[in-house]
Amino acid sequence: MLGIFNRRVKQSVAQTDPVQDELKRLVQEATNAQERGEYAKALELYRSGYNLALTLQNPQIVHVFLNSIGAIHVATDKYEEAEKAFEEALHIAKQLKQPVLVARTLNNLGELYAKQAQWEKAQNYHQEALELARPTGDALTIILALENLARDYIEQGNPQYAVHLLKEAVTVAEAKQDPYMGYGVLGRLGEASLAAGDVSVGRRLMAEAIQRSTGTPFERPRLIMRWLVKLADIELGEKQYQNALQLLQRAEDVAHRVGVQSAAFFMHTALKSAEVYLHLKNYTAAIAQAERAEVHARVLDDEVTLAKVAGYIGIALQGLEQPDAAVEKLSIALEAYENGVIDDLSEQTKVLLALGRSQQQLGKTEQALSTYKKVLELLDNTDNPLRRAEGLYLIASVHAENNERDEAINLFQEAERLYRENNELGQAAIIRCDIGNLRRAKGDFKAALNDFEEALVMLSNIDNPIIRGFVLSSVANIYTETGDIESAQSFYQESIKIAQEYHDRLAESLRLGNMAWMQVQIGKLDMAFINLEKAIAISRELNAMLPMAIQTNNLGWVYYLRHDYDQARRLIEQALVEVEVTESVQWRGVIKGNLAMVKLAQHDLDAAQTLIQEALADSRAAQDIENTVRNQIRQAMILLEGGELSTAKSLVEAAELAARKMFYRRGQAEAAQALAEIASKEGDQESAKRYFEEAARFYQMLHSPLANEMQKMANS
């Protein structure tokens, strides 16, 4: 609207003779100030022009300056002053009996009410303006009326009719061969098409308007900025996050090139950029953008944006695992939702979910469950299946942490169903891996393998490298235990490469460590040593205590297998100190079991017996069935060394039965090996041979070098 007023001022001034240069100067400087958002300066210049026009006694120029003054008042929300200026301009236009001038002023009055969201009143003025303008053939006035009227219809929920009006405007602009107006109408037609649900046409027309007008004398910077932001919204909706960021940056580049822009514009683009960075899980960048939005929001005293900023920063802090700071920010945001400052259920549930995660990180399990259940209550009567799925997923994760595995699996399955039904296969694949891990923890390797392989199948329909890396590494873990070493090796390598490409250092450390463990199992100790050293260095850099403890323990086991028992003991004892900090009962049981075996190798039976009893207690407390089986076999081996054959045999037979029911091959191999050694001690060489052959068969499945050793024992 304001750009058109200024063009009309220039045309009128060009027809004057006295003080022409001064009027031109005032118009040019006012227009430039207006484009930069310097409304006070623009108003002062327009008023000077108005006063000068009065001395000329030229009512047409007075009329134009009044419209410009009214437009500035509209832009600065001074509605009474704007109405007064427009009514005076309308009076002059009617006295001059010039329908075009009357139509322009009616247009402006319509914009006054549009700014106040009084759409029906705005529509009436714009419709009257259009009816007056059409018979005159004045293209600029007709186009302006059509554009404004189209916007009124969009705001009132009828974008289809807006498209119809703007197509007429395009026809008028093409007949006029006016690029300035033509580009503007083209982009607005794109906006209307988008509002009508035709995303492809809307995107194409806005992009075309930007491309054709940028860098030309007919460029419309304010419109280009608006279209770039709308295009960014489309990309965000389609999860093309990098494209969205590029478009938002282009919009800001245009704003900086044009000059001073409103704080509201930069606040909006910064907040939108923060949202995009949250989706990308670049939490540091998200905080930086949110804080930039916060600066502008404080200037504008915008409570809604300040609350959103608090929510975004809180979500980012939760992602950075700073739960105390996250809870503080998220609580500020939630207060705004509860007090009605913001009415956006989708955003509110997003903040609640982040709060629940933070409470989980702080060990406040009951509070987290309560928060997640509040999310489900809020969503009970809404159609937001994806947010509900997220809530169910997080409640399931709490049950999983508490070893309430059946409840967790049921909730995970419901969440997965919702994700599948809404074509969110990436999240569905992640949950299928979670279910697989729970089933493995319950001792059902066969069902777990099916879960992981189902997640693997989903990858063919998922174009997300981060999810691909997660699924591949998860499947590789179970393939290590089921003997598909070639696939496991390939999956680990690809998942590590993805982690490196996306600078996910924690994922890189975990996957390097897991691949190294696979290499330990198949006897590639030199490669395992190198990868464990790399993994430990990253974990230490990140201060990731649990991965560091596990990896240090595994490095100690490499030394154990090399028969360097002193170094093995030092490293595993270090791992035990580290795991105590994490309070992981499960991994404490694993590490103590390994240390017991080192003590056995050093012939310290008392220490070994004490450690294995503690390890068994931890494994049982954590409901870790795999390591309960392994530690039970190890306890039997310690008893065997002490001559307690009968007790040792009973322990191993129970462990073997459990491993067989689980389809746990490593457990079956170790049980068979232990039974073979017990049979040898008992002098039952036939049974020993049979058990050694059975152990060889299972170790062969696992590609373990122990297969050859067991076969030699069977043949000896």
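Note that the structure is predicted; figures quoted are calculated from it, not measured.
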Report the C-alpha distance between N32 and Q28 in whole Å, list the side-chain angles of each, state the deciding distance to 0.1 Å, and finish with yes or no for side-chain hydrogen bond (donor to acceptor under 3.5 Å, both in side chains).
CA-CA 6 Å; N32 292 340; Q28 188 61 54; 3.1 Å; yes
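- Atom NZ of K281 has 12 or fewer heavy atoms from other residues, nucleotides or ligands within 6.0 Å.
- Within 6.0 Å of CD in E303 there are 12 or fewer heavy atoms belonging to other residues, nucleotides or ligands.
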Would R417 and E421 count as a salt bridge (charged side-chain N to carboxylate O under 4.0 Å, His left out) if you check the C-alpha gap in whole Å, the side-chain angles of each, and the deciding distance to 0.1 Å?
CA-CA 6 Å; R417 181 186 66 78; E421 288 177 355; 2.7 Å; yes
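- Side-chain contact check for E168 and H164: no donor-acceptor pair (N or O, by modelled atom type) lies under 3.5 Å.
- Side-chain N/O atoms of Y79 and D77 include a donor and acceptor closer than 3.5 Å.
- When each of R250, Q249, H256 is paired with D253, the side chain to side chain donor-acceptor pair (under 3.5 Å) condition holds for Q249 and for no other.
- Using a distance-only test at 3.5 Å, with no hydrogens or angles considered, a donor-acceptor pair links the side chain of T55 to the main chain of L52.
- One finds a salt bridge joining E347 and K350 here, because a Lys/Arg side-chain nitrogen approaches an Asp/Glu carboxylate oxygen to under 4.0 Å.
- Side chain to side chain, Y393 and Q427 fail the donor-acceptor criterion of an N or O pair below 3.5 Å.
- Heavy-atom contacts from other residues, nucleotides or ligands closer than 6.0 Å to CD of Q98 number more than 12.
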Verify salt bridge (charged side-chain N to carboxylate O under 4.0 Å, His left out) between E294 and R298, making sure each step is shown before the conclusion.
CA-CA 6 Å; E294 183 179 23; R298 292 200 183 283; 2.9 Å; yes
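- Annotation: ring-ring contact (aromatic ring centres under 6.0 Å, His included) contacts of Y183 (sequence neighbours excluded): none.
- With contacts defined as side-chain heavy-atom distances shorter than 4.5 Å, the pair Y46/T31 qualifies.
- No salt bridge links E191 with R188; every basic N to acidic carboxylate O contact stays at or beyond 4.0 Å.
- Using a 3.5 Å distance cut-off with no hydrogens or angles, the side chains of T105 and H63 do pair a donor with an acceptor.
- Side-chain polar atoms of R292 and Q289 form a donor-acceptor pair below 3.5 angstrom.
- The two atoms that bring A209 and S213 nearest to each other are O-OG, 2.7 Å, heavy atoms only.
- Side-chain atoms of N282 and T284 include no donor-acceptor pair closer than 3.5 Å.
- Residues E111 and N107 bring no donor and acceptor atom of their side chains to less than 3.5 Å of each other.
- Using a 4.0 Å cut-off between charged nitrogen and carboxylate oxygen, E390 and R387 count as a salt-bridge pair.
- Counting non-hydrogen atoms of other residues, nucleotides and ligands closer than 6.0 Å to CG of D343 gives a total of 12 or fewer.
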Solution key, residues 329-338 side-chain donor-acceptor pairs under 3.5 Å, sequence neighbours excluded:
from : atom 1 : to   : atom 2 : distance (Å)
S331 : OG     : V327 : O      : 2.7
E338 : OE2    : K374 : NZ     : 3.4

